[in-house]
Each structure stands twice: as C-alpha cells, then as structure tokens.
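All residue numbers refer to positions in the sequence shown, counting from 1. Everything numeric in this text was worked out from a predicted model, so none of it was measured.
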Amino acid sequence: MTISLRLSNEDSVLIKKYAEINNISVSEFVRQTILERIEDEYDLKAYHTAMAAYHEESVTYSLDEVERELGFK
C-alpha cells in the first residue's frame with residue numbers, strides 16, 4: 001500500500017533527519033510511529049476498561065494472602 005501526505009518543508013526536513021540519525025528509512029519511521037500510536041491507544045483503552053472493572057468490584061489481596069493461597073507459605 002502506498003500512502004502520501006503533505007508536509008511543510010520544516011516537517012519534511014525534520015522527519016528525514018530523524019530517520020537518517022536513527023539509520024532507518026522515512027517509510028520505516030512513519031510505519032513504526034503509526035503502529036506505536038495505535039498500540040498506545042489500544043493499551044490506554046484496555047487500561048481504562050480494566051480500571052472500570054476494578055472499581056466495580058475492587059477485591060485486592062496482599063502478597064502474604066496470595067502466597068498462602070498458592071501454598072508458598
């Protein structure tokens with residue numbers, strides 16, 4: 001797939017220099033950046049979902065309780 005986007009000259013130079021400094025192509029840099037952004041948003045959504053579930057039924061256990069339950073103590 002080919003994607004094109006319009007950048008200002010300053011943004012273009014910045015992106016090219018960043019990719020060059022990190023020894024990757026501009027395409028690879030853009031691909032990695034987009035995928036990291038998607039992963040970060042997915043992780044944040046999963047965090048909010050988990051926190052909502054936790055607040056609905058917030059049962060916690062101490063380390064001692066877990067160790068006893070698992071037979072480590």
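- Legend: ring pair (Phe, Tyr, Trp, His ring centres under 6.0 Å) pairs involving residues 47-73, not counting sequence neighbours: none detected.
- Remark: K73 pairs with D64, E67 by the salt bridge (charged side-chain N to carboxylate O under 4.0 Å, His left out) rule, at least two apart or across chains.
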What pairs of donor and acceptor atoms, side-chain ones from residues 14-25 against any protein atom, are under 3.5 angstrom apart with sequence neighbours left out?
unit_1, atom_1, unit_2, atom_2, d
N22, ND2, Y18, O, 2.9
S25, OG, E28, N, 3.0

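- Not a single donor-acceptor pair under 3.5 Å links the side chain of Q32 to the backbone N or O of F29.
- Other residues sharing a hydrophobic cluster with L63 under the 4.5 Å side-chain heavy-atom criterion for ILVMFWY residues do not exist; the residue is a singleton.
- V13 and V30 fall into different hydrophobic clusters, where Ile, Leu, Val, Met, Phe, Trp and Tyr residues are linked whenever their side-chain heavy atoms come under 4.5 Å apart, directly or through other members.
- Qualifying side-chain contact (heavy atoms from CB on, under 4.5 Å) partners for T49, counting only residues two or more places apart in sequence or in other chains: K45.
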Side-chain donor-acceptor pairs of residues 36-44 under 3.5 Å, sequence neighbours excluded:
unit_1, atom_1, unit_2, atom_2, d
R37, NE, E41, OE2, 2.7
R37, NH2, E41, OE2, 3.2

